[in-house]
Asker: 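One structure, pasted below without further comment.
Atoms within a ligand are numbered from 1 in the order they appear, just like the ligands themselves.
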Amino acid sequence: MSKKTHRVAQRPTIPWAEGHRKMKGGLLLLVLLWEAKSQPASRPNIVLLMADDLGVGDPGCYGNKTLRTPNIDRLAGGGVKFTQHLAASPLCTPSRAAFMTGRYPIRLGMASHTRLGVYIFMASSGGLPTSEVTFSRLLKDQGYSTALIGKWHLGINCDNTTDFCHHPLRHGFDYFYGIPMTNLRDCKPGEGTVFTTAYRLLVFFPLQVLGLTVFTLAVLRFLRLIRVPLGIFIFLFLLMALILVLFLCFLHYYRPLNCFLMRNYEISQQPMSFDNLTQRLTLEATGFIRRNAEKPFLLFLSYLHVHTALFSSKDFANKSRHGPYGDTTEELDWSVGQVLNVLDELGLSNDTLVYFTSDQGAHVEEVTPKGEMHGGSNGIYKGGKANNWEGGIRIPGILRWPRVIQAGLEIDEPTSNMDIFPTVAKVAGASLPQDRVIDGRDLMPLIQGKTRHSDHEFLFHYCNAYLNAVRWHPRNSKSIWKAFYFTPNFNPESANGCFHTHVCFCFGSFITHHDPPLLFDISRDPRETNPLTPATEPRFHDILRIIQEAADNHTRSLLEVPNQLSPWNMFWKPWLQLCCPSALSSLSCQCDREKRGQILSK
Ligand SMILES: *[C@@H]1O[C@H](CO)[C@@H](O)[C@H](O)[C@H]1NC(C)=O
Ligand SMILES: *[C@@H]1O[C@H](CO)[C@@H](O)[C@H](O)[C@H]1NC(C)=O
Ligand SMILES: *[C@@H]1O[C@H](CO)[C@@H](O)[C@H](O)[C@H]1NC(C)=O
Ligand SMILES: *[C@@H]1O[C@H](CO)[C@@H](O)[C@H](O)[C@H]1NC(C)=O
Ligand SMILES: *[C@@H]1O[C@H](CO)[C@@H](O)[C@H](O)[C@H]1NC(C)=O
Ligand SMILES: *[C@@H]1O[C@H](CO)[C@@H](O)[C@H](O)[C@H]1NC(C)=O
């Protein structure tokens, strides 16, 4: 990775700004009128491309020499590449909630207190509250045509199957095509399951305990040491049978109940098919651009790639040098290219702001039982998805807007995926909500060289609902201090992840607390290998004191909000299950309304 940083103090070449400088006096009124009239035409289209679980070590432009990502590289070459771009959380649901709103997940109630930090059931009642303001809502109010194509993962319903209280169309999108949940291994027929650990904990462990209890009681009864009523045995056997039945139901019904495609409020394919799925999503995206070529639009293309279950079409299967994961990444890159090509073809590229990112770092524990790597690369960085080592939160971040952003820039300053919210609001002419804290910062001053320093003096890294680490970039210094209050216990200990549990957890015996906090200077030690001590860093205690003060200030700014990821809001609720009535039987939850091989929507 190149360490060179170009920052060019460049004047924006926005036409009305030029005009403003040249004209004077009486002409001013005319100019103002002209400005007011022409301003809407000057607002860029917005295309946001988000990969799922793609590591910062995967794209070629971030230093990968063997994965082929020519289209992502082309995008980076035409704009600015951020090399310290940070996800607001190392997990899908909270990271995406923060991305949509420009606010830390904890402010939205989108941070879990339990082990599970994301929705795994479609029929759960939690989600992004409609009281939150999304960038899609702001832009829709500014007259933008808005669409979400792909993954949502921020809830659907609250109380019944028709309220759609968390649905994308209730958050400012005019059009939605994609999966309301997330892609999981369980969505692919014949693929293993991500829930092996959950099964062990929820099924096999209780069964073992119950079995052992029954055995012990039977022995004690046989030896006449205690009197055990027969009812107890019957009860224990029934309990074991119930657990087993629930387990089998879960295995059998997971796929149709949780893996389906929707178009707006309608189910269009249940269970979803992986055949040409990326092609279908891409066609939807390019179709949306074509339909809206004449007016400002916002497209959020949220890929299912490169999360497991890995899938790719015939043109990409077995073509890369990195197995199914590489195939998937190269198909993702192809899709990015299709979107860029359509913008070129329609003459929209110069006036379209395109952003590319991933929702968090690569999932390093994603290894198949056969030992095949199904997770990506976080480059030189430690850890990955679900923890706050740099590998979990450093993500690709590329912004291209040829009319305004100079090509070939590289910025090392800390930036966040929450920054997209204020940035797109500003360029679209929307004002930010004044009644709440917005944690994201407008990126344009940094990109245009009006400031050389990130506006994020402090960034707070949460592991679900627990404050895990604080990053401090002092205003007048190059240092980037990062203090960990706790770190995950990797297992095996020498590994780079929590392989026994598939992801790292955020509390209890899964972590080690640090007092004083573990301190690194990320600017000198990006691999986080050498914790500082008072001996190696004379300002050690001063630095930690200021970080603690900032953390206290931040904590004081949090308001009490409903917990959208409480066990009650996460668990499967039968009365919220969306189910597509098929011709055969209305109970089978199966249908296919996809028309293949053509552009699917008008
Ligand atoms: C579903 O819930 C919404 C809001 O809670 C309510 O207005 C609506 O009447 C309910 N619909 C049905 C069919 O119960
Ligand atoms: C996938 O797309 C290819 C070409 O685009 C087509 O030949 C094939 O029939 C499609 N497969 C399915 C299952 O629709
Ligand atoms: C890719 O390789 C796998 C394993 O060798 C094979 O099962 C599969 O059919 C191949 N797919 C294609 C499209 O060639
Ligand atoms: C886009 O901008 C570039 C550089 O500013 C210019 O050379 C090119 O002609 C523009 N293309 C269109 C279609 O306006
Ligand atoms: C490139 O990506 C592949 C797949 O994630 C990974 O195995 C490889 O280590 C990466 N190369 C570098 C230099 O990071
Ligand atoms: C914390 O807040 C106080 C009061 O607003 C302020 O004076 C102080 O500078 C803040 N501390 C830090 C480290 O931001």
Side-chain angles (χ1 to χ4, degrees), residues 1-2 51-70 72-73 83 123 125 127 129-130 155-167 170 265 305-308 310 312 316 319-333 358 361-368 371-382 384-385 390-391 394-396 437 439 455-460 470-477 481 483 496-497 526-527 539 542-558 573 575-578:
M1 210 178 292
S2 160
D52 195 356
D53 286 8
L54 183 75
V56 75
D58 286 327
C61 54
Y62 281 90
N64 201 305
K65 300 261 186 301
T66 46
L67 257 179
R68 288 163 301 191
T69 58
I72 298 169
D73 303 348
T83 57
S125 56
T130 31
I156 306 183
N157 288 306
C158 291
D159 297 321
N160 59 45
T161 51
T162 53
D163 63 29
F164 292 109
C165 64
H166 304 302
H167 189 277
R170 298 293 295 278
Y265 293 124
H305 281 337
V306 293
H307 199 289
T308 52
L310 299 178
S312 49
F316 296 91
K319 296 280 161 62
S320 79
R321 287 163 66 177
H322 292 286
Y325 182 83
D327 299 344
T328 302
T329 310
E330 294 185 5
E331 188 175 64
L332 161 81
D333 181 76
S358 173
H363 192 173
V364 295
E365 294 95 340
E366 194 59 87
V367 184
T368 66
E372 195 170 48
M373 277 302 302
H374 278 195
S377 158
N378 293 315
I380 62 163
Y381 302 109
K382 192 193 275 194
K385 174 174 178 175
E390 290 294 278
R394 245 192 228 230
I395 47 177
V437 179
D439 299 295
D455 205 21
H456 289 290
E457 187 176 0
F458 296 97
L459 277 165
F460 302 95
V470 178
R471 180 183 308 251
W472 179 32
H473 185 31
R475 296 258 177 238
N476 51 4
S477 151
W481 311 109
N496 185 37
R527 290 179 171 80
R539 293 162 295 173
D542 291 338
I543 294 164
L544 287 178
R545 186 176 45 74
I546 293 172
I547 284 179
Q548 186 57 50
E549 197 182 300
D552 292 341
N553 284 359
H554 162 75
T555 308
R556 267 196 300 275
S557 79
L558 301 176
K573 294 182 173 166
W575 62 93
L576 294 183
Q577 182 63 51
L578 291 182

Asker: Show the atoms of ligand 5 that are less than 4.0 angstrom away from any heavy atom in Asp58.
Answerer: 2 (O), 4 (C), 5 (O)
Asker: Do Tyr381 and Arg527 come close enough that some side-chain heavy atom pair is under 4.5 Å?
Answerer: no
Asker: Can you sort out which atoms of ligand 5 are near Asn64, meaning under 4.0 Å from one of its heavy atoms?
Answerer: 1 (C), 2 (O), 3 (C), 8 (C), 10 (C), 11 (N), 12 (C), 14 (O)
Asker: Quick one: do Arg471 and Glu390 make a salt bridge, cutoff under 4.0 Å?
Answerer: yes
Asker: Below 3.5 angstrom, do we get any N/O pair linking Tyr325 and ligand 5?
Answerer: no
Asker: For Gln548 and Asp552, which I'm curious about, is there any donor-acceptor pair between the side chains at under 3.5 Å?
Answerer: yes
Asker: Restricting to non-hydrogen atoms, name the atom on His307 and the atom on Leu310 that form the minimum distance, rounded to 0.1 Å.
Answerer: O-CD2, 3.7 Å
Asker: Any chance you could measure His554, atom NE2, to Ile547, atom CD1, to the nearest 0.5 Å?
Answerer: 13.5 Å
Asker: So is there a nitrogen or oxygen of Lys65 less than 3.5 Å from a nitrogen or oxygen in ligand 5?
Answerer: no
Asker: List, for ligand 6, each N/O atom that has a protein N/O partner under 3.5 Å away, with both atom names and the distance.
Answerer:
{"residue": "ligand 6", "atom": "2 (O)", "partner": "Asn553", "partner atom": "OD1", "Å": "3.2"}
{"residue": "ligand 6", "atom": "2 (O)", "partner": "Asn553", "partner atom": "ND2", "Å": "2.3"}
{"residue": "ligand 6", "atom": "11 (N)", "partner": "Glu549", "partner atom": "OE2", "Å": "2.8"}
{"residue": "ligand 6", "atom": "11 (N)", "partner": "Asn553", "partner atom": "ND2", "Å": "3.0"}

Asker: Side chains of Thr308 and Glu366: is there a donor and an acceptor less than 3.5 Å apart?
Answerer: yes
Asker: Short list, please: which atoms of ligand 1 are under 4.0 Å from a heavy atom of Asp159?
Answerer: 5 (O)
Asker: At what distance, to the nearest 0.5 angstrom, does CG of Leu332 lie from CZ of Phe316?
Answerer: 10.0 Å
Asker: Determine whether a donor-acceptor pair (N or O, by modelled atom type, separation under 3.5 Å) exists between the side chain of Gln577 and the backbone of Ala123.
Answerer: no
Asker: Assign the ring pair His167 / Phe164 to parallel, tilted or perpendicular, where the plane angle (0 to 90°) is split at 30° and 60°.
Answerer: perpendicular
Asker: Looking at ligand 5, is there an atom of it that comes within less than 4.0 Å of some heavy atom belonging to Gly376?
Answerer: yes
Asker: Would you mind telling me which of Thr66, Asp327, Asp58 makes a side-chain hydrogen bond (donor to acceptor under 3.5 Å, both in side chains) with His322?
Answerer: Thr66
Asker: Pull out every atom of ligand 1 sitting under 4.0 Å from any heavy atom of Thr162, numbered as shown with elements.
Answerer: 11 (N), 13 (C)
Asker: Which ligand 5 atoms does Leu67 reach within 4.0 Å, using its non-hydrogen atoms?
Answerer: 2 (O), 4 (C)
